[in-house]
Amino acid sequence: MAVLGTLALTACAAPASTTWYRAGAQASSPAQAKPTQTSSPAQGAGTGATVRSPSDGESDVPASTEITFTAHHATKITVTLTDDDNGAVVDGAMRADGSSWVPEQALKYDTKFTVKLASTDQKGRSATHTSTFTTMEEPGDVVRLDSQMGDGQEFGVGAPIVLNFSEPIPEDERAAVQRRLFVQTTPPQEGAWNWFADDEVHYRPKDYWKTGTQISLHALFGGLPLGDGKYGGNDITVNASIVQHDVRINVDDKTKQMTVTEDGKTIKTMPVSMGKETTPTSSGHMVIMTKNAQELFDSTNDGIGPDQPGYYRQVIDDALRLTWGGQYIHSAPWSVDDQGTADISHGCTNLSAENAQWLFDMVHIGDPVDIENTGAPLDWTDGWTDWDRPWDEYLEGSALPYDESGDITATGDAAVSFPMKS
């Protein structure tokens, strides 16, 4: 199954109940058709399915609209959505609970569309219902969406999916946004969304990603009403993967040693120097956020000027960012004599030039970094801190409820299976 909004198992090859239906395609068995049965047959109702929304002839319809319908004794239903301007058929899929049919991307603005429902009942009788609607004009006030997980890229086992909005999303609109965020993985893994801020939402699995996982994100944000005349400005599709080898870093300030493991086996131990007492390194569960062979470190970004104690401005080699607050693992040849024995940094984890280069060449964005025994707890949301809270607490950051069984909750959350792209 795919994930939408809250939690479910995710997979590339979905079971029959979440099979991807191209427009015009039919389910070949009652088991496949089951999700499209949106209501119990009404007594005395005729065979067929009728569109509930958008209503026939409706105008000014959001480009994010989904097709809902009522089925009457129908066991097989085909949904076909056509762009009346050019006759093109719109691809889409049913939600797993049959609550709606979802176009694969935002619809064209200011365009008339025709919905055709073709249905068959248990006795083989067929019926067709057609309706039309017209989408709204392109809005002028839109919110943009960006993904930190790049298309075609490879990430470490701790990498969260991070989505950023150009403007804050009102709290009462977040559930609607989250219902339009689809994640599929192969192999299947349980996962959840968490609103880190009003303009940022993350997705992580319950446990670290399995090595070799294929991830497909479909963020259908374009055209979504956000209140106060604002609308989602764009959709995003990302196909990424997780590395073949599980690389993790542990740093212990008690021993002043860094241990690097691959697939559970220690491959290197290195001495470190960490943050001094006045600028301690944070303890907690982090991941590598960025990798830069060289990066300018400038204390003026923290308000420490040239004439003040603690001022620095220096190009640093092999910089691996861990927090937005400026904590890194990096090359620090000036502190080699203190590495393994004393903490003298401004909060970063110092390595020798040789060890830093080895680590830089070894690791990936998204590799987990656990730091312990510094006495300074990691600030939640200071970076990609998704793993610094237990699963039950992480779930509290979702705008939609979660059912531990993976079943659809009473609020109407449901899954759609989108095709994976190679």
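These numbers come from a predicted model, not from an experiment. Each residue takes its place number in the sequence, starting with 1.
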side-chain hydrogen bond (donor to acceptor under 3.5 Å, both in side chains) evaluation trace for T132 with T114: CA-CA 4 Å; T132 64; T114 296; 5.8 Å; no
Point-to-point distance, once rounded to the nearest 0.5 Å, from [atom1] of [X] to [atom2] of [Y]:
| X | Y | atom1 | atom2 | answer |
| --- | --- | --- | --- | --- |
| F69 | S131 | CZ | OG | 11.5 Å |
| N373 | T255 | CG | OG1 | 8.0 Å |
| Y109 | E138 | OH | CD | 6.0 Å |
| T185 | Y203 | OG1 | OH | 6.5 Å |
| L351 | T349 | CG | OG1 | 7.5 Å |
| I371 | T323 | CD1 | OG1 | 9.0 Å |

Consider only side-chain N and O atoms of [X] and [Y], and report whether a donor and an acceptor are under 3.5 Å apart.
| X | Y | result |
| --- | --- | --- |
| Q327 | T281 | no |
| S352 | N355 | yes |
| R52 | T70 | yes |
| S100 | E66 | yes |
| T259 | N250 | no |
| D246 | Y208 | no |
| H202 | N194 | no |

How far apart are the closest heavy atoms of [X] and [Y], and which atoms are they?
| X | Y | value |
| --- | --- | --- |
| G223 | Y231 | O-CD2, 3.5 Å |
| D235 | A106 | OD2-N, 2.7 Å |
| M286 | D370 | N-OD1, 4.3 Å |
| M270 | W358 | CE-CZ3, 4.0 Å |
| L224 | A176 | CD2-O, 3.9 Å |
| V61 | P54 | CG1-CG, 3.9 Å |

[X] side chain to [Y] main-chain N or O, any donor-acceptor pair under 3.5 Å?
| X | Y | result |
| --- | --- | --- |
| S59 | T134 | no |
| T65 | P62 | no |
| S398 | L400 | yes |
| R144 | G233 | yes |
| E58 | S55 | yes |
| S345 | M274 | yes |
| W387 | G158 | yes |
| R389 | W391 | no |

Any residue meeting salt bridge (charged side-chain N to carboxylate O under 4.0 Å, His left out) with D382, in chain and number order, not counting sequence neighbours: none
Using a 6.0 Å cut-off, check whether atom [atom1] of [X] has over 12 heavy atoms from anything other than its own residue.
| X | atom1 | result |
| --- | --- | --- |
| E354 | CD | no |
| D337 | CG | no |
| K291 | NZ | yes |

Residue pair [X] / [Y], side-chain heavy-atom distance below 4.5 Å:
| X | Y | answer |
| --- | --- | --- |
| R180 | S64 | yes |
| T385 | L378 | yes |
| L217 | S147 | yes |
| D198 | I169 | no |
| I242 | E154 | no |
| L81 | V89 | no |

List for me each residue that meets side-chain contact (heavy atoms from CB on, under 4.5 Å) alongside [X], sequence neighbours excluded, and say none if there are none.
| X | result |
| --- | --- |
| T111 | D83, D85, K108, F113, T135 |
| P170 | D172, E173 |
| A376 | P280, T374 |
| D317 | Q294, S331 |

Ring centres under 6.0 angstrom apart (F196, W380):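 Yes, ring centres under 6.0 Å apart.
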Please output the side-chain donor-acceptor pairs of residues 360-367 that fall under 3.5 Å, not counting sequence neighbours, one pair per line with the distance.
from, atom 1, to, atom 2, distance (Å)
H364, ND1, D367, OD1, 3.3
H364, ND1, D367, OD2, 3.0
D367, OD2, H364, N, 2.7

Test of understanding: with side chain to side chain donor-acceptor pair (under 3.5 Å), list the residues that count as partners of [X], not counting sequence neighbours.
| X | result |
| --- | --- |
| Y328 | E295, R321 |
| D318 | none |
| S335 | Q339, N350 |
| N164 | Q148, E200 |

T213/T186 under side-chain contact (heavy atoms from CB on, under 4.5 Å): CA gap, chis, key distance, verdict: CA-CA 6 Å; T213 295; T186 302; over 6 Å; no
Sequence neighbours excluded, every pair satisfying salt bridge (charged side-chain N to carboxylate O under 4.0 Å, His left out) that has a member inside residues 253-266: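 Non-adjacent pairs meeting salt bridge (charged side-chain N to carboxylate O under 4.0 Å, His left out): D253-K256, K256-D343.
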Of all pairs that satisfy ring pair (Phe, Tyr, Trp, His ring centres under 6.0 Å), the ones with a partner from residues 145-172, not counting sequence neighbours: F165-W195, F165-F221
Aromatic plane relationship, W334 with H330 - under 30° parallel, 30 to 60° tilted, over 60° perpendicular: tilted
Test side-chain hydrogen bond (donor to acceptor under 3.5 Å, both in side chains) applied to N239 and S216, step by step: CA-CA 5 Å; N239 292 284; S216 182; 3.1 Å; yes
Steps toward side-chain contact (heavy atoms from CB on, under 4.5 Å) verdict (Q184, H218): CA-CA 9 Å; Q184 293 170 256; H218 293 264; 4.2 Å; yes
